[in-house]
Amino acid sequence: MRILVYSLNCAPELTGIGKYVGEMVESLVGLGHEVRVVTGPPFYPEWKRHEGFSAWRYSTEDFKGAKVIRAPMYVPTRPTGLKRLIHLFSFAVTSLPVMFGHIRWRPEVVWVVEPPLFAAPAALTIARICGARAWLHIQDYEVEVGFSLGLMK
């Protein structure tokens, strides 16, 4: 099965959503699925781009048998409520052409990990165009997290 994973975070992040998505991708590849991932450069939990990754260029790599395409995005060093929203929105915008580029690949499942909710419409659109199943996995609600961390009022 061709599975397109759409997530702000992915391995090599060692905690949170990146760790979870990386492990899920590895498992899906291990089960024989063809997996592609559209994600951003790793930055969490330090809120700093990891060494060897660009926050301003697109890149492609192999992760344990899955093709990973990283879209550039704004990563604030001190995330406030507004900066965090800009961060999430920047990923949704820069990853959009990569997502639409997968129409010819014809995924059978488009799996989007929330956050960012801004990315969900693109995932649903791609799934509908391709006749694929769309899956929205809610890991965290970014707005709720912003309130609970005191980043938003």
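All values reported here derive from a predicted model rather than from experimental measurement. Residue indices begin at 1 and follow the sequence shown. Just so you know, these numbers use all the heavy atoms, side chains as well, and skip hydrogens, waters and symmetry mates.
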Just verifying a value: how many Å separate [X] [atom1] and [Y] [atom2], rounded to the nearest 0.5 Å?
X: Leu88; Y: Lys83; atom1: CG; atom2: NZ; result: 14.5 Å
X: Ile69; Y: Leu4; atom1: CD1; atom2: CG; result: 7.5 Å
X: Asn9; Y: Thr15; atom1: CG; atom2: OG1; result: 9.0 Å
X: Thr125; Y: Ile103; atom1: OG1; atom2: CD1; result: 9.0 Å

Ignoring hydrogens, what is the shortest heavy-atom contact between [X] and [Y]? Give both atom names and the distance.
X: Ala134; Y: Ala127; value: CB-CB, 3.8 Å
X: Ser95; Y: Val38; value: CB-CG1, 3.9 Å
X: Ala92; Y: Ala119; value: CB-N, 4.2 Å

Listed pairs under 3.5 Å, donor-acceptor, residues 51-59 side chains, sequence neighbours left out:
from, atom 1, to, atom 2, distance (Å)
Ser54, OG, Trp56, N, 3.0
Ser54, OG, Arg57, N, 3.1
Tyr58, OH, Thr94, O, 2.7

With Lys64 via side chain to side chain donor-acceptor pair (under 3.5 Å) - residues at least two apart: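 In terms of side chain to side chain donor-acceptor pair (under 3.5 Å), with neighbours along the sequence ignored, Lys64 is linked to no residue.
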Tell me the salt bridge (charged side-chain N to carboxylate O under 4.0 Å, His left out) pairs involving residues 65-77, sequence neighbours left out?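 Found Glu61-Arg70.
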According to the salt bridge (charged side-chain N to carboxylate O under 4.0 Å, His left out) rule, which pairs have a member within residues 27-46, sequence neighbours left out?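 Residue pairs with at least one partner in residues 27-46: there are none.
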Stepwise side chain to side chain contact (heavy atoms under 4.5 Å, CB included) check, Val112 with Val110: CA-CA 6 Å; Val112 61; Val110 178; 5.5 Å; no
Does anything in residues 70-104 pair up under ring-ring contact (aromatic ring centres under 6.0 Å, His included), and if so which pairs, sequence neighbours excluded?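 ring-ring contact (aromatic ring centres under 6.0 Å, His included) check on residues 70-104 returns Tyr6-Phe91, Phe43-His87, Trp47-His87, Phe89-Phe118, His102-Trp105.
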Between Leu124 and Leu8, is there shared hydrophobic-cluster membership here, with clusters defined by ILVMFWY side-chain heavy atoms closer than 4.5 Å?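 No; tracing contacts between hydrophobic side chains, which count when under 4.5 Å, never links both residues.
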Not counting sequence neighbours, which residues clear salt bridge (charged side-chain N to carboxylate O under 4.0 Å, His left out) with [X]? List them please.
X: Lys48; answer: none
X: Arg2; answer: Glu108
X: Glu23; answer: Lys19

Taking only residues two or more places apart in sequence or in another chain, which ones pass side-chain contact (heavy atoms from CB on, under 4.5 Å) with Thr77?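 Expected list: none.
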Kindly indicate whether the side chain of Pro41, heavy atoms from C-beta on, has any atom under 4.5 Å from the side chain of Met73.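 Side-chain contact under 4.5 Å: yes.
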Hydrophobic clusters join Ile, Leu, Val, Met, Phe, Trp and Tyr when side-chain heavy atoms are under 4.5 Å apart, directly or via other members; which others share one with Val25?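 Val25 clusters with Met1, Ile3, Val5, Ile17, Tyr20, Val21, Met24, Leu28, Val29, Val35, Val37, Phe63, Val68, Val109, Trp111, Val113, Trp135.
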Has the side chain of Thr39 got a donor or acceptor atom that lies under 3.5 Å from a matching backbone atom of Ser7?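 It does hold such a pair.
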Should we say atom CG of Leu14 is surrounded by more than 12 heavy atoms from elsewhere, each under 6.0 Å from it?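 Count not over threshold, so no.
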